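Below, chain A is the first sequence line, B the second, and so on; all start at residue 1. These numbers come from a predicted model, not from an experiment.
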Amino acid sequence: MSERRIDRLTSLLRRRGVVLPSFEIYGGVSGLIDYGPVGARIKRKVVDSWIDHWTSQGDIVEVDSPTLTPEAVLVASGHVGEFNDLMVTCSSCDSAFRADHLLEGVHDNPDSLDADGVSELLTNGIVCPACPDTKWSDVRPMNLMFATQIGAMSKGRSAYMRPETAQGMFMLFPALFRHFKQKLPFGAVQTGKGYRNEISPRQGMIRLREFDMAELEYFIDPEYPPCPDLSAWPNSVTMIPDPDGGHAGEKAMTCAEALSKGIIRHPTVAWFLAKTMDFMVDVGVDPTKVRFRQHSSTEMAHYAEDCWDCELHGEHGWVECVGIANRTCHDLQSHEDASGSKLLRAWRQYDEPRNEVRDVLAPVSAVIGPSFKNHAADVVESLSRLTKLPDDLPFQLQLSDGSSVEISSDMVNRRTEEVTLHGEWFTPHVIEPAFGIDRIVWHILDHAFTETSKEGEPYSVMRLNAAVAPYDVAVLPLFDKPKMMEHARKIVSRVNSIPSRKGEMDSSRSIGRRYARVDEIGVPWAVTIDHDSLEDGTVTIRRRDDQKQIRCSVDDLIETLSKGDLSILF
RNA sequence: GCGGGCAUGGUCUAGUGGUUAUGACAGCAGGUUCCCAACCUGCUAACCCGGGUUCAACUCCCGGUGCUCGCACCA
């Protein structure tokens with residue numbers, strides 16, 4: 001037995017087919033893992049619980065988009081810029097730095113330089129922050145996205161494996177807007193793989209190169225942010241507010257308090273914090289090992305207004321498992337700017353139609369046309385955009401190409417226009433909770449892994465919440481006799497016929513050994529068939545967490561199992 | 001990417017320039033027993049890859065790969 005709990009846990013996970021290194025017969029690849037037969041069921045249940053947790057809300061739907069993403073999408077989202085930084089290494093001390101950080105103050109926009117440009121600037125005596133040397137080597141891009149091409153031939157379109165699922169939801173905004181009858185708020189969830197070519201993946205399941213994410217994009221009208229009654233969440237949670245703000249320091253409070261004190265800056269964010277806590281408890285995370293940490297203003301992306309991480313504590317310390325961010329209108333706006341699409345907006349109907357009166361310079365096209373020829377359309381457009389009308393004519397009108405033309409009084413008529421506006425188009429804001437499924441699964445396993453002893457021997461039990469247990473029951477014939485086996489098979493098949501329930505049969509070796517095996521993979525209930533079972537149709541039910549047993553009929557077992565939890569039998 | 005450590009059955013491990021390469025647990029078959037890892041018998045199953053040194057390499061050397069720990073990096 002290893003000295004460290006984390007090694008004993010990891011070893012158990014391999015041994016029992018929960019989580020294992022991928023491609024092991026070829027040496028394995030850091031940052032890639034397999035879920036074995038037991039682990040895959042646990043993960044499936046976590047993901048299903050997550051989908052159900054949000055979609056039962058009513059205004060949230062599930063979507064599914066490609067992992068392959070054209071370059072243009074990720075240019076607009078900022079990922080191509082953010083994820084392709086140039087790295088340089090100091091020749092004497094081997095420290096690695098981001099080139100754009102070193103060149104701040106030397107160049108206006110160091111991010112825009114290519115490798116050669118960076119090399120050239122670095123020769124101008126840029127001093128290594130770690131040592132006094134000024135020699136640099138190895139300017140190379142740090143590619144955090146996996147690049148590929150769409151199209152088999154060399155001229156294929158550049159693309160990347162998605163670094164997050166979120167962009168797919170933004171692409172689907174027009175379809176979602178129609179689906180929800182053009183009314184905010186609404187949301188979309190998506191689970192699936194994301195890819196980041198981490199420089200140095202470490203810590204087992206915590207930093208992966210290919211991982212499962214579960215993201216919710218909740219689209220809201222910023223003027224009417226939704227927030228259900230937070231008094232439905234009376235429990236305190238641990239929060240660590242922005243260290244640079246007025247509430248620094250760890251404290252426990254309810255989400256309602258945090259919102260009313262201005263610690264949480266947005267009501268919808270407060271609501272998602274509460275909902276996130278609910279989810280963690282549902283899947284069996286230990287609530288005392290959960291905390292919410294607010295990003296400091298320097299850590300936050302420039303567009304975000306409030307961002308909280310939900311951190312879970314386990315063998316790797318506090319680990320960010322969920323990020324809840326108010327991304328404002330940033331994403332939709334960027335895609336509108338980059339694509340030119342006009343479909344990324346929502347309509348805000350006014351309570352009362354508004355009359356707007358304004359002065360305009362109405363173009364006289366009979367004069368403007370011949371005067372400006374092929375620039376005439378631009379002139380008309382520019383006139384209509386004037387927010388401030390000139391006091392005197394003629395005046396210089398700025399065109400969209402930057403040039404200006406003289407507008408004389410015969411070209412326009414000054415008049416007052418009255419328009420009735422029934423509403424307006426605006427870019428919705430997005431609140432995004434983004435969950436790292438693998439990290440959550442790890443913490444579920446970590447929190448459930450209980451080391452006890454039996455008869456002086458070490459004994460491990462995975463106290464998984466029934467909602468995420470790999471099997472609902474284990475069916476164990478006490479003897480390996482044909483009649484008992486047959487009986488057991490029938491019970492397993494009845495269990496399996498209950499929707500979403502799964503049973504597992506084990507007839508190998510002694511009964512104690514079999515209990516130990518199913519305890520280790522977290523099966524909450526063991527059903528044992530003995531001689532009496534064949535006579536009177538009863539079985540023994542054993543509870544994993546305290547080894548208590550009761551006897552009941554198979555019919556009761558099946559009925560209780562299909563309704564809910566077997567614990568009511570105890 | 002740099003530096004250190006490591007690499008033996010499913011898991012945890014012992015060990016050697018020439019061995020039939022330990023042991024435990026797990027697993028399989030049979031026996032026995034039957035409600036908490038019992039016991040007996042038998043069995044399956046391993047030296048990361050490539051090159052070099054050598055009569056002989058799992059062992060020594062070099063290279064690679066991978067893992068791991070520090071450093072750096074980490075929307």
Side-chain angles (χ1 to χ4, degrees), chain A residues 1-3 7-8 10-17 20-32 36 74 77-85 87-98 101 129-130 137-138 140 142 144-145 162-164 166-167 194 196-204 206-207 209 213 295 299-304 307 320 323 325 327 330-331 432 434 453-461 476-481 484 508-520 526-533 539-542 544 546-549 551:
Chain A
M1 282 286 243
S2 169
E3 292 294 307
D7 293 335
R8 295 191 296 271
T10 310
S11 172
L12 183 154
L13 297 181
R14 286 183 179 207
R15 212 161 8 91
R16 295 298 183 195
L20 316 83
S22 294
F23 309 112
E24 232 193 338
I25 62 168
Y26 288 98
V29 180
S30 182
L32 299 178
L74 295 162
S77 70
H79 285 95
V80 170
E82 294 284 349
F83 275 67
N84 282 323
D85 298 309
M87 298 280 295
V88 293
T89 309
C90 172
S91 305
S92 57
C93 74
D94 272 334
S95 303
F97 299 95
R98 276 173 60 166
H101 288 181
S137 58
D138 284 355
R140 57 187 187 278
M142 180 177 79
L144 258 46
M145 289 196 293
R162 68 181 174 196
E164 59 174 21
Q167 300 309 319
R196 294 181 192 180
N197 201 356
E198 297 285 352
I199 301 169
S200 168
R202 296 277 166 89
Q203 301 172 300
I206 301 301
R207 181 94 67 85
R209 289 197 164 114
M213 352 205 227
H295 283 207
E299 180 180 7
M300 211 148 39
H302 63 280
Y303 51 82
C307 186
E320 172 196 345
R327 296 176 69 140
H330 172 79
D331 300 279
E432 178 200 78
S453 66
K454 188 181 252 182
E455 316 274 319
E457 292 293 307
Y459 193 89
S460 307
V461 183
L476 314 175
L478 199 51
F479 308 101
D480 190 356
K481 302 256 166 74
M484 225 169 252
S508 160
R509 296 304 211 121
S510 77
I511 191 68
R513 189 170 286 224
R514 283 178 274 163
Y515 286 144
R517 271 198 291 250
V518 295
D519 281 348
E520 253 191 354
V527 172
T528 310
I529 292 125
D530 56 20
H531 284 302
D532 294 341
S533 308
V539 289
T540 306
I541 299 175
R542 169 190 183 269
R544 175 195 66 205
D546 59 4
Q547 306 176 4
K548 199 178 161 197
Q549 305 196 354
R551 199 158 183 101

(message) Tell me the interatomic distance from A:N197, atom CG, to B:rG1, atom C1', rounded to whole angstroms.
(response) 13 Å
(request) Report the distance from atom CZ of A:R14 to atom P of B:rG9, rounded to the nearest whole Å. (result) 10 Å
(request) Could you give the distance separating B:rA14 and B:rG9 at their C1' atoms, to the nearest angstrom? (result) 14 Å
(message) Between B:rA7 and B:rC60, how many Å separate the two P atoms, rounded to a whole number?
(response) 10 Å
(request) Give none if B:rA56 has no partner; otherwise give the nucleotide forming a Watson-Crick or G-U wobble pair with it, both distances under 3.5 Å. (result) none
(request) Using Watson-Crick or G-U wobble geometry with both distances below 3.5 Å, tell me the partner of B:rU32, or none. (result) none
(request) Nearest-nucleotide wise, let me know which of A:Y26 and A:S11 is further upstream toward the 5' end of RNA chain B. (result) A:S11
(message) Between B:rC43 and B:rC2, how many Å separate the two P atoms, rounded to a whole number?
(response) 49 Å
(message) Suppose we define a pair by two distances each less than 3.5 Å, Watson-Crick or G-U wobble; what does B:rU11 pair with here?
(response) B:rA24
(request) Just name whichever nucleotide pairs with B:rC73, Watson-Crick or G-U, keeping both distances under 3.5 Å, else none. (result) none
(request) Select base, sugar-phosphate, or nothing to describe what A:E432 touches, counting heavy atoms under 4.0 Å on all strands. (result) nothing
(message) My understanding is that a pair needs two contacts under 3.5 Å, Watson-Crick or G-U wobble. By that rule, which nucleotide pairs with B:rU68?
(response) B:rG4
(message) For the C1' atoms, the ones on B:rA24 and on B:rG15, what distance do you get once it is rounded to whole angstrom?
(response) 15 Å
(request) Applying side chain to side chain donor-acceptor pair (under 3.5 Å), name anything that partners A:R551, two or more places apart in sequence or on another chain. (result) A:D530, A:T538, A:T540
(request) Provide the distance between the two P atoms, one in B:rC25 and one in B:rC40, to the nearest whole Å. (result) 10 Å
(message) What is the distance, to the nearest angstrom, from the CD1 atom on A:I25 to the P atom on B:rC49?
(response) 13 Å
(message) Could you tell me how far B:rC48 sits from B:rC34 if I compare only their C1' atoms? Round to whole Å.
(response) 44 Å
(request) Spell out protein contact along nucleotides 32-44 of chain B as letters: B when the base is contacted, S when just the sugar-phosphate is, - when no protein heavy atom is under 4.0 Å; keep the 5' to 3' order. (result) --BBBBS------
(request) Could you pull out the closest heavy-atom pair between A:M213 and A:P163, with the gap in Å? (result) CE-O, 3.1 Å
(message) One pair to check against side chain to side chain contact (heavy atoms under 4.5 Å, CB included): A:Q167 and A:L74. What are the steps and the verdict?
(response) CA-CA 8 Å; A:Q167 300 309 319; A:L74 295 162; 4.2 Å; yes
(request) Take the protein atom CD of A:Q203 and the nucleotide atom C1' of B:rC71, then report the distance between them rounded to whole Å. (result) 14 Å
(request) Run the salt-bridge test on A:R513 and A:E520 with the 4.0 Å N-O cut-off and return the result as yes or no. (result) no
(message) The criterion is salt bridge (charged side-chain N to carboxylate O under 4.0 Å, His left out); which residues satisfy it with A:R542, sequence neighbours excluded?
(response) A:D519
(request) Please identify each residue that fulfils salt bridge (charged side-chain N to carboxylate O under 4.0 Å, His left out) with A:R207, with sequence neighbours left out. (result) A:E198
(message) Tell me which nucleotide, if any, is Watson-Crick or G-U wobble paired with B:rG50 when both distances must be under 3.5 Å.
(response) B:rC62
(message) Taking pairing as Watson-Crick or G-U wobble with both contacts under 3.5 Å, can you name the mate of B:rU16, or confirm there isn't one?
(response) none
(message) In whole Å, I'd like the distance from the CG atom of A:L32 to the P atom of B:rG66.
(response) 11 Å
(message) What's the gap between B:rC55 and B:rG1 when it is taken at their P atoms, as a whole Å value?
(response) 38 Å
(message) Run the ring-ring contact (aromatic ring centres under 6.0 Å, His included) test against A:F479 and tell me which residues pass, sequence neighbours left out.
(response) A:H531
(request) With sequence neighbours left out, write down each residue that passes side chain to side chain donor-acceptor pair (under 3.5 Å) with A:D546, or none if nothing qualifies. (result) A:R543
(message) As an exercise, state the distance from CD1 of A:I511 to CG of A:L476, rounded to the nearest 0.5 Å.
(response) 4.5 Å
(request) Between B:rU68 and B:rU13, how far apart are the P atoms? Round to whole Å, please. (result) 15 Å
(message) Can you measure A:H330 atom NE2 to B:rA75 atom P for me and round it to whole angstrom units?
(response) 15 Å
(request) Whole angstrom is fine here: how far is it from CZ in A:R207 over to P in B:rU68? (result) 12 Å
